[in-house]
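Report on one structure; see the data block that follows.
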Amino acid sequence: MFMEHLALTYKCHSSIGNSLDLKEMLNEVLSTFIEETNALNGYFFLLDDESKLYKYIEFKEDETFDAYDYFEYIDLFNLKDKKGSESEEVLILPLKKGIFFLIYEKDGFDFDFIGSMFQDLIVKLNISIDACLGVQILKKRNSTLDHLASELKKQKKELIESDKYKSNFLANMSHELKTPLNSVIVISSIMAKNKKNKLDEEQVKNMKIINNCGNDLLVLINDILDISKIEAGEISINLSKININLLLTDLIEEMKPLSTQRGLELSFHPLEVEVNLLSDAVRIKQIIKNLLSNAIKFTDKGTVDVTLEENANDITIKVIDEGIGISQDKLDNIFERFKQADGSTTRKYGGTGLGLAISKELSSLLGGDIKAFSKVDEGSTFELILPKKTNIQNVSDDTVRISSKSSEDIEIEEIVLFDMDDVNLDEEAAKTESRVLVINNDYAQFFSIAIALKKENIFLDYKDSIPDAKKVLENDSFDMVVVDKDNSRASVDEFSSFCDEKEIKIIVLSKEENENKNYLKTDLVNEQLFGKVLEYLGR
Ligand code: ADP
């Protein structure tokens with residue numbers, strides 16, 4: 001008997017906790033209990049926090065069994081007569097999170113022994129049920145985490161997409177803004193020179209203000225464009241051999257007028273030996289120009305110094321000033337976008353807070369870094385560290401293009417960089433080798449090309465509409481006309497035949513694509529019109 005009891009206890013014990021899946025575990029326990037103790041049937045009900053019972057598993061289906069019939073006894077280990085049956089009784093085994101009900105034939109089992117064995121198993125059963133529930137909660141959390149992770153992934157993708165839209169939008173916007181802005185800058189600069197003395201002193205002053213504001217706006221647009229290009233990984237760096245002493249000598253000369261204007265001395269300490277870098281000259285100039293403009297802007301008296309130092313694998317360019325300085329707490333995030341040392345900076349000195357952020361990003365693109373040291377009221381030192389050889393691996397983003405010549409360099413859009421004294425806009429003075437009539441009521445759209453053509457000594461005249469142009473062409477001789485189909489207020493086809501009759505060459509600008517070789521898409525005006533006009537004129 002003792003051995004039988006021992007075997008029974010062992011089997012029931014062993015059936016507990018073999019799985020971390022609650023249903024699987026309880027199924028094994030219930031069927032073992034029933035089979036080993038000769039029970040007729042059995043159930044496990046879960047008990048929730050509000051003392052409600054839920055049938056979780058049953059050994060054999062039995063519609064007549066209702067756990068609530070025994071509800072008043074479920075707090076304690078009990079043996080009760082089965083409701084509606086003379087011959088059966090119900091053993092109630094309460095646990096922390098539920099209750100086992102086992103149905104036995106009356107007097108068909110050794111209650112003393114089985115009862116005490118079950119009570120001994122209660123602790124192990126509670127622990128196993130807790131473990132299964134814990135795993136269930138973890139699984140649920142994991143699936144929530146999985147869901148969250150996939151949501152995050154989706155959002156990241158959407159963010160990257162929207163970032164692309166933002167960058168495209170910024171690039172397009174800046175382009176759209178720069179074209180008319182260039183016209184404003186060029187026209188105001190010409191007018192401010194007042195060569196024909198048509199303007200009075202006040203008007204010249206106003207023209208200068210317009211010109212300055214235009215230039216400020218252009219700097220801002222270029223900064224925003226740079227930042228968006230950096231974000232989109234679309235900045236290209238053009239590596240070439242650079243004599244760093246020479247590059248900086250030129251730059252210092254360029255900046256001298258600004259420092260003189262502010263009453264500051266600008267000194268330069270080049271390297272004693274010539275050092276050539278493999279790097280991007282345009283970007284190095286952009287960074288140092290920004291550091292120097294800041295040094296000059298934030299220094300009221302004294303010297304701004306540029307010192308070069310050579311190390312084994314890199315060089316350091318130090319821009320040192322004796323200006324207002326930056327407090328330590330502000331120094332920590334001075335390279336973040338739109339951060340200015342203090343709110344009053346914008347009011348007093350202007351600026352956008354983008355220059356240093358761009359410089360930092362560019363320096364790391366070149367495989368280098370920028371460091372800032374400063375003491376309030378004593379001055380600041382900004383150090384640009386550049387590797388002697390910019391390694392392509394330094395460029396973290398693989399979308400960055402490395403090219404030997406950037407097509408951006410020759411964009412006519414950058415017309416503001418032309419030396420205006422070279423440009424002869426005086427119509428009388430133009431040597432009229434070739435004569436071109438432009439028909440376009442959007443004057444600004446054509447302005448940048450006009451400057452380039454005038455530099456080629458081509459005489460240009462403008463008309464707003466085709467009817468006006470026809471009047472001019474009846475009396476005057478022109479080599480060619482450039483007509484904007486969408487801005488000329490009449491049918492181009494008829495005008496085209498008119499030009500053919502008069503043997504005048506014609507280029508038609510149109511928003512839509514057209515196979516005809518005389519047509520050029522309006523989008524391509526800046527890139528192609530200049531060349532096409534020269535080609536038609538046989539230059
Ligand atoms: P911006 O000059 O257009 O405001 P920057 O990013 O170039 O933007 O500079 C951010 C801020 O860092 C400036 O507004 C200024 O407060 C501080 N700063 C930069 N250079 C100097 C300097 N040489 N001396 C003092 N403050 C400086």
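In each ligand, atom 1 is the first atom listed, and ligand 1 is the first ligand listed.
- Atom 6 (O) of ligand 1 has its nearest heavy-atom neighbour, among Ile358, Leu356, Asp223, in Leu356.
- Qualifying ring pair (Phe, Tyr, Trp, His ring centres under 6.0 Å) partners for Phe478, counting only residues two or more places apart in sequence or in other chains: none.
- The closest approach between a heavy atom of Phe382 and any atom of ligand 1 is below 4.0 Å.
- With a heavy-atom cut-off of 4.0 Å, Lys297 touches ligand 1 through its side chain alone.
- Salt-bridge check for Glu512 with Lys521: failed, with every basic side-chain N at 4.0 Å or more from each acidic carboxylate O.
- No hydrogens or angles considered: nothing links the side chains of Lys388 and Asn276 as a donor-acceptor pair under 3.5 Å.
- Shown in contact with Asn290 at under 4.0 Å from a heavy atom are these atoms of ligand 1, numbered in order with element: 7 (O).
- Within the cation-pi definition used here (under 6.0 Å to the ring centroid, within 45° of the axis), Lys470 qualifies as a partner of Phe498.
- Atoms of ligand 1 lying under 4.0 Å from at least one heavy atom of Leu354, given by number and element, are 6 (O), 8 (O).
- Between atom OG of residue Ser364 and atom CD1 of residue Ile385 there is a gap of 12.5 Å, rounded to the nearest 0.5 Å.
- Put simply, part of Ser380 is less than 4.0 Å from ligand 1, judged by heavy atoms.
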